[in-house]
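See below for the structure under consideration.
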Amino acid sequence: MNIPVEIQVVIPQEKGKLSPNTIVSFRGHLDRIDQKLTLVADEVFDGEKGDDVSTVKEKYDKDPNREKVSVAGRLISFRDQGKAAFGHIQDADGKIQIYMKMDILGEDRYKEIMEIIDVGDIVGVRGELFRTMTGELTVEVHDIELLAKSLRVLPEKWHGLKDVEQRYRHRYLDLIANKKARDIFKIRSKAIKSLREFLDSRGFMEVETPILQSVASGAIARPFITHHNALDIDMFLRIAPELYLKMLVVGGFNRVYEIGRNFRNEGIDSTHNPEFTMVEFYAAYLDYNDLMELTEELMRKILLDTVGTLNITWEGQELDFSKPFRRVRFFDALKDKTGKEKDFFLNEDNARRFAVEVGIPKAESLTHSKLLDKLFEHFIEEDLIQPTFVIDFPKVLSPLAKTHREDPDLVERFELIINKQEIANAYTELNEPDEQRERFFQQLRERELGDEEAMEIDENFLMALEYGLPPTAGEGIGIDRLVMMLTDSSSIREVILFPTLRPEKE
RNA sequence: GUGCCCAUAGCUCAGCUGGUAGAGCAACGGACUCUUAAUCCGUGGGUCGCGGGUUCGACUCCCGCUGGGCACACCA
């Protein structure tokens, strides 16, 4: 099966972007060697003995003789020296040098290979391992196959691919060219694996709940709206799985968790992507104090499993996870900064006047809960670098959390703040149906006051509570932000393989 | 959504107060049997994001648009 000559010319032109001259600059020699590309489409690399690069390297460490290996990957560099040539092939975990020699391959085969193979191609090689004079582990190639042709030229080897737009739109190029990008997503995968291990080992059961929902509740955010044709109803992409997970606890699954995508129709910036990954987990018969302990253990495990240390640097801040996390009450922290007591802020007029004074934007028109939220961000969050639990939030801010056992103005809730960012949010769950209904009505009033994001009433959930939700504690952790922390990334787009971008126009 | 900044060869980038575009790498041809940012000789490659305007003349100045980045706003 030959690659027809037309491919080099016709296909790129149809895409409308590339001039014929540009195509020739890609692989200008292909039209001349067309007849020789007989392997490309049909040949399948004999994967039986094929290893990835890291396996080959391990193999050699165990047996430092001329081990026979077969390995496949992308040819990322090539140094032709006439009757011998060196190159490197790469996969996600590493690269290994290959050495081709005319004496070994035979003159005809060697010349053919030199003509067919280009940097960027996927090749499979068989041969024996040895070390070069400089000591580099290398495959002496006894046979090489072209497994897939790269018609386009790879990004530059030295500077890599820097243009962020291209890195996001063509992430595969980023992954080929930039080790840092590969490392980030490997850590992301390890972090999620570690998280699963942790929760599984604590008796949690992984579940899946609807992403298409007819009421978008469980968090405070604007939803994406879509339409189901057969049912002829509008539906929402979930903004949180919370209510469904609690219904499962009602059903007797006492420990459940879900790792999945949430969708919020809000702005995009360095810490917000419209779709993002959260884990939410719920445990019957625990309270928020238990969850704080659990969270510390979880964070430490994930750190050790991914980066192998409890001391990391994020955006220039040195973070220490080895000591017990600090705990500070919401209104104590606020008092430290402002000198004003809880009762002052719980008066809406006071809170508003104060917010206006300190320059909170639009403070005149915000609802009481929004005001408190802004004051929290302004005075407390901005100041917290080391892992800190802010605990005991005002009730108006937390429609799904249980009232504090010692203070009816507060709820049993904590947020874990690290380097000014909210990483986790948890509370003892409100399990009294009457009070939950009343809190939903309060949200409805907020909505009427112009807060479009106030939570919606979910009657199904209320009915479930009426059957009895055991005392339960629940928590949500933003995986993307956690991975940002683990990889010292300053933008959420660096830790999402394909971040949301505006489509290119033609 | 608002403000500021950015868009030049496949990639990374130069290009002064307006005079018709350059480098390195890559590509293509050639030389070279332990190279590794290989080296050496040679060649080609551009709708300067898109559309208007000013001008004898625009990559350059002005306006609009598109895409992106940062900050703010928004968003637990």
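Below, read A as the first sequence line, B as the second, and so on, with proteins coming before strands; counting in each chain starts at 1. Hydrogens, waters and symmetry mates are skipped; everything else that's a heavy atom, side chains included, is used. All of these numbers come straight from a predicted model, not from anything done at the bench.
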Output yes when a side-chain donor or acceptor of A:T134 lies under 3.5 Å from a complementary backbone atom of A:T132, and no otherwise. no
Calculate the interatomic distance between A:K83 atom NZ and B:rA31 atom C1'; express it in whole Å. 9 Å
Searching all strands shown, indicate the nucleotide that pairs with B:rA7 (Watson-Crick or G-U wobble; both distances under 3.5 Å). B:rU66
Give one of base, sugar-phosphate or nothing for A:F276, where a contact means two heavy atoms less than 4.0 Å apart. nothing
Using whole Å, what does the distance between atom P of nucleotide B:rA73 and atom NZ of A:K370 come to? 13 Å
Heavy atoms only, 4.0 Å cut-off, all strands: where does A:M133 land among base, sugar-phosphate and nothing? base
Could you go step by step and tell me if A:E381 and A:Q421 meet the side-chain contact (heavy atoms from CB on, under 4.5 Å) rule? CA-CA 7 Å; A:E381 207 169 55; A:Q421 295 214 32; over 6 Å; no
Taking the P atom of each, how far is B:rC61 from B:rA38, in whole Å? 38 Å
Sugar-phosphate, base or nothing in reach of A:L501, heavy atoms under 4.0 Å: sugar-phosphate
Quick check: on RNA chain B, is the nucleotide nearest A:K374 upstream (toward 5') of the one nearest A:W158, or the reverse? Name the residue that is more 5'. A:W158
Give none if B:rG1 has no partner; otherwise give the nucleotide forming a Watson-Crick or G-U wobble pair with it, both distances under 3.5 Å. B:rC72
Classify A:E266 by what it touches in the nucleic acid, base, sugar-phosphate, or nothing, heavy-atom distance under 4.0 Å. sugar-phosphate
Take the protein atom CD of A:Q97 and the nucleotide atom P of B:rU36, then report the distance between them rounded to whole Å. 10 Å
May I ask you to say whether A:E258 pairs ionically with A:R238, meaning some side-chain N is under 4.0 Å from a carboxylate O? yes
Euclidean distance for P, B:rA7 against B:rC16 (whole angstrom): 12 Å
Separation of atom CD1 in A:I268 from atom P in B:rG67, rounded to whole Å: 12 Å
Quickly work out the A:D373 CG to B:rC74 P distance and round it to whole Å. 11 Å
Taking the same atom, P, in B:rA58 and in B:rA21, what whole-Å distance lies between them? 12 Å
Does B:rC70 have OP1 or OP2 sitting under 4.0 Å from an N or O in the side chain of A:R493? yes
B:rU60 -> Watson-Crick or G-U wobble partner, both distances under 3.5 Å, gives none
More 5' along RNA chain B: A:S490 or A:E377, using each one's nearest nucleotide? A:S490
Assign A:R413 to base, sugar-phosphate, or nothing according to its heavy-atom contacts below 4.0 angstrom with the strands shown. base
Looking at A:E136 and B:rU35, is any side-chain donor or acceptor paired with a base atom of the opposite kind under 3.5 Å? no
From B:rG67, B:rC74, B:rU35, nucleotide with atom closest to A:E165 side chain: B:rG67
Applying a 3.5 Å limit to both distances, which nucleotide forms a Watson-Crick or G-U wobble pair with B:rA21? none
Can you find a side chain N or O atom of A:R167 that sits less than 4.0 Å from OP1 or OP2 on B:rG68? no
Look at atom CZ of A:R261 and say whether more than 12 heavy atoms of other residues, nucleotides or ligands are closer to it than 6.0 Å. no
Over all strands shown, is A:Q166 touching base, sugar-phosphate only, or nothing at heavy-atom distances under 4.0 angstrom? sugar-phosphate
Whether the A:E429 and A:T472 side chains hold a donor-acceptor pair (N or O, under 3.5 Å, no angle test) is what I'd like checked. no
Under 3.5 Å, is there a donor-acceptor pair between the side chain of A:R439 and the main chain of A:S398? yes
Rounding to a whole Å, what distance do you find between A:K101:NZ and B:rU33:P? 11 Å
Quick check on side-chain hydrogen bond (donor to acceptor under 3.5 Å, both in side chains): which of A:E156, A:K162, A:K157 does A:H159 satisfy it with? A:E156
Can you identify which nucleotide, out of B:rC11, B:rC34, B:rC70, has its nearest atom closest to the A:E156 side chain? B:rC11
Can you tell me the distance, in whole Å, between the NZ atom of A:K95 and the C1' atom of B:rU36? 8 Å
Take atom P in B:rA27 and the same atom in B:rG18, then report the distance between them in whole Å. 39 Å
Across the strands shown, which category fits A:G160 at heavy-atom distances under 4.0 angstrom: base, sugar-phosphate, nothing? sugar-phosphate
Between B:rA9 and B:rC48, how far apart are the P atoms? Round to whole Å, please. 10 Å
Any strand: nucleotide that pairs with B:rU36 via Watson-Crick or wobble, under 3.5 Å: none
From the candidates B:rU33, B:rC34, B:rA27, the one with an atom nearest any side-chain atom of A:V119 is B:rA27
Pair A:R167 + A:E165, salt bridge at N-O below 4.0 Å: no
Can you pull the side chain to side chain donor-acceptor pair (under 3.5 Å) pairs that have at least one residue in residues 325-337 of chain A, sequence neighbours excluded? A:R329-A:D332, A:K335-A:E341, A:K337-A:D383
Which value, in whole Å, describes the distance between the P atoms of nucleotides B:rG49 and B:rU8? 6 Å
Report all interatomic pairs (protein N or O, nucleotide N or O of nucleotides 38-42 of chain B) with separations under 3.5 Å.
{"from": "B:rA38", "atom 1": "OP1", "to": "A:K157", "atom 2": "NZ", "distance (Å)": "2.0"}
{"from": "B:rA38", "atom 1": "N6", "to": "A:D80", "atom 2": "O", "distance (Å)": "3.0"}

Residue A:H88, side-chain heavy atoms: nucleotide from B:rU36, B:rG68, B:rA26 that is nearest: B:rU36
In Watson-Crick or G-U wobble terms, both distances under 3.5 Å, what is the partner of B:rU55? none
Suppose we define a pair by two distances each less than 3.5 Å, Watson-Crick or G-U wobble; what does B:rA27 pair with here? B:rU43
Distance, C1' atom - from B:rU66 to B:rU55, rounded to whole angstrom: 26 Å
Candidate nucleotides B:rA26, B:rG69, B:rC34, ranked by approach to the side chain of A:Y99 - the nearest: B:rC34
Any pair with a residue in residues 472-502 of chain A that passes ring-ring contact (aromatic ring centres under 6.0 Å, His included), sequence neighbours left out, goes on the list, sorted by first then second residue, please. none
In whole Å, I'd like the distance from the NZ atom of A:K420 to the C1' atom of B:rA71. 14 Å
For the P atoms, the ones on B:rA37 and on B:rA26, what distance do you get once it is rounded to whole angstrom? 12 Å
Under 4.0 Å between a side-chain nitrogen and a carboxylate oxygen: does that hold for A:E364 and A:R352? no
